[in-house]
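To keep things clear, I will list the structure first and then write my remarks on it.
All residue numbers in this chain count up from 1 along the given sequence.
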Amino acid sequence: MKNFFLYLSGVLYSTKQNLLTWKHPKIYPLLILLISFIMLLSPIQFNMMSTSSEVLINDLPHIEEVLKSVSIDLKEKNIDVKIENDQINIQEPYQNYIEGYTIYIGVHLKEYPEVSNLEVQKTDNLVVFGNDRFYARYIERNERNVLENTRTLSGTYIRSNSFDFDYIYEKKNNNEELHSIIGTLLKMIFLSNSGSNLIFWILIIETYNLIFLLVGSFLLLLFNIKGNRDYKLNYSQSFFTIMGSLIFPSLITSFIGMISFKYFALSYVLLSLIRLFMLCFYQISKNNKYNQLKTNIKDEDFELNF
């Protein structure tokens, strides 16, 4: 175990130690890949959990006034609307137009083409409490009526069960509590996507890692063959060497993603490519410290004892 941590600390900052990967047991870079992957998942979850209800409310201007007006209209018409068993419970579909938003409650989203039609001016802004999914959209247009920006929020009611529109009606004159109720509802809808969002990013990361490992290994092999090194790598050795290089970009990217998630993907791509460039560059470098690298560690000596 001590040897692994020495290897881990080495590849974290040293190109020379990274190039030494092919002399280490293959389980070392495999563990590095696993650690790197876990690091990258942290800012994804952190971004979901740290998104405040305030941000979600601001993304849908006038949403508080809209839902308050809807709750008053529902009360006057004696229509009861609740979220139970992950679904909207209402006697019959409801429709209204308030504060520039078209509101639907108790409908199937796919039956309403205006949800995907951005050309119809009146239905630009939507709040749809579908039977089993929520969808809201706010569209910004310039003076020439040209689309400039679209903000959306969608999700399920899996975290919003027991919500009742009467809650909004009861707090209609208390702006602070009304703000809290609506903010909590939007946040719970937003968090209902956490599982699918995580799966999406896992697929993105793993697809990129696979392409990076396959192409990067070929480039490292090519530079090694054409370079000034005494040792000659095979493709398998190049593959595990590139695998070990992912720990540094993953660590830095996780910190960047925690601070500003919009730079998460870009920073990981750039940092991993920089690390690949350094590995390839030192294959053709005349610096002898990157030449025949030696270690006393053998595969058969390796034991992972925690």
Check whether any side-chain heavy atom of [X] sits under 4.5 Å from a side-chain heavy atom of [Y], and report yes or no.
{"X": "Leu246", "Y": "Phe212", "answer": "yes"}
{"X": "Leu210", "Y": "Glu206", "answer": "no"}
{"X": "Ser71", "Y": "Glu170", "answer": "no"}
{"X": "Val127", "Y": "Tyr135", "answer": "no"}
{"X": "Phe264", "Y": "Ile256", "answer": "no"}
{"X": "Leu221", "Y": "Phe239", "answer": "no"}
{"X": "Ile44", "Y": "Leu40", "answer": "no"}
{"X": "Leu8", "Y": "Leu12", "answer": "no"}

Could you see if [X] belongs to whatever hydrophobic cluster contains [Y]? Use Ile, Leu, Val, Met, Phe, Trp, Tyr and a side-chain cutoff under 4.5 Å.
{"X": "Ile284", "Y": "Tyr282", "value": "no"}
{"X": "Leu279", "Y": "Val269", "value": "yes"}
{"X": "Leu251", "Y": "Leu271", "value": "no"}
{"X": "Leu185", "Y": "Ile98", "value": "yes"}
{"X": "Leu220", "Y": "Ile211", "value": "yes"}

List the atom of [X], the atom of [Y], and the distance in Å for their closest heavy-atom pair.
{"X": "Leu191", "Y": "Met48", "value": "CD2-O, 3.6 Å"}
{"X": "Pro249", "Y": "Thr253", "value": "O-OG1, 2.6 Å"}
{"X": "Arg137", "Y": "Tyr101", "value": "O-CE2, 3.8 Å"}
{"X": "Phe240", "Y": "Thr21", "value": "O-CG2, 3.3 Å"}
{"X": "Pro29", "Y": "Gly244", "value": "CB-N, 4.1 Å"}
{"X": "Tyr7", "Y": "Gln17", "value": "CE1-O, 4.3 Å"}

With rounding to the nearest 0.5 Å, note down the distance linking [atom1] in [X] to [atom2] in [Y].
{"X": "Lys82", "Y": "Ser160", "atom1": "NZ", "atom2": "OG", "answer": "15.5 Å"}
{"X": "Leu213", "Y": "Ser238", "atom1": "CG", "atom2": "OG", "answer": "11.5 Å"}
{"X": "Ile103", "Y": "Ile105", "atom1": "CD1", "atom2": "CD1", "answer": "8.0 Å"}
{"X": "Phe37", "Y": "Ser42", "atom1": "CZ", "atom2": "OG", "answer": "10.5 Å"}
{"X": "Leu60", "Y": "Leu186", "atom1": "CG", "atom2": "CG", "answer": "6.5 Å"}
{"X": "Tyr157", "Y": "Met188", "atom1": "OH", "atom2": "CE", "answer": "15.0 Å"}

Under 3.5 Å, is there a donor-acceptor pair linking the side chains of [X] and [Y]?
{"X": "Thr152", "Y": "Tyr138", "value": "no"}
{"X": "Asn224", "Y": "Gln283", "value": "yes"}
{"X": "Glu84", "Y": "Asn89", "value": "yes"}
{"X": "Ser272", "Y": "Tyr208", "value": "yes"}

Using 4.0 Å as the upper bound for N to carboxylate O, is an ion pair formed by Glu176 and Lys171?
-> no
Would Leu178 and Ile168 satisfy side chain to side chain contact (heavy atoms under 4.5 Å, CB included), going step by step from the backbone distance to the final call?
-> CA-CA 6 Å; Leu178 181 66; Ile168 297 177; 3.5 Å; yes
Does any N or O in the side chain of [X] come within less than 3.5 Å of the main-chain N or O of [Y], such that one atom is a donor and the other an acceptor?
{"X": "Asn125", "Y": "Ile139", "value": "yes"}
{"X": "Asn193", "Y": "Ser196", "value": "no"}
{"X": "Ser192", "Y": "Ile189", "value": "yes"}
{"X": "Arg151", "Y": "Glu140", "value": "no"}
{"X": "Tyr235", "Y": "Leu214", "value": "yes"}
{"X": "Asn161", "Y": "Asp86", "value": "yes"}
{"X": "Asn234", "Y": "Gln237", "value": "yes"}
{"X": "Ser14", "Y": "Val11", "value": "no"}
{"X": "Ser245", "Y": "Ile242", "value": "yes"}

Determine, stepwise, if the pair Phe261 / Trp201 fulfils ring pair (Phe, Tyr, Trp, His ring centres under 6.0 Å).
-> CA-CA 12 Å; Phe261 190 74; Trp201 277 107; 5.5 Å; yes
Around atom [atom1] of [X], are there more than 12 heavy atoms of other residues, nucleotides or ligands at under 6.0 Å?
{"X": "Asn85", "atom1": "CG", "result": "no"}
{"X": "Ile205", "atom1": "CD1", "result": "yes"}
{"X": "His62", "atom1": "NE2", "result": "no"}
{"X": "Gln91", "atom1": "CD", "result": "yes"}

Derivation and outcome, side chain to side chain contact (heavy atoms under 4.5 Å, CB included), residues Ile83 and Ile88 | CA-CA 5 Å; Ile83 298 176; Ile88 283 287; 3.7 Å; yes
For the residue pair Phe165 and Phe129, is the inter-centroid distance of their aromatic rings smaller than 6.0 Å?
-> yes
Face-on cation placement of Lys187 at Phe190 ring, 6.0 Å and 45° thresholds | no
Using side-chain hydrogen bond (donor to acceptor under 3.5 Å, both in side chains) as the criterion, list what pairs up with Tyr94, not counting sequence neighbours.
-> Asp73, Asn96
Hey, mind stepping through Ser194 and Leu198 against side chain to side chain contact (heavy atoms under 4.5 Å, CB included) and telling me if it holds?
-> CA-CA 6 Å; Ser194 59; Leu198 187 62; over 6 Å; no
Intermediate values then yes/no, side chain to side chain contact (heavy atoms under 4.5 Å, CB included), Ser250 and Tyr268 | CA-CA 7 Å; Ser250 297; Tyr268 184 57; 3.6 Å; yes
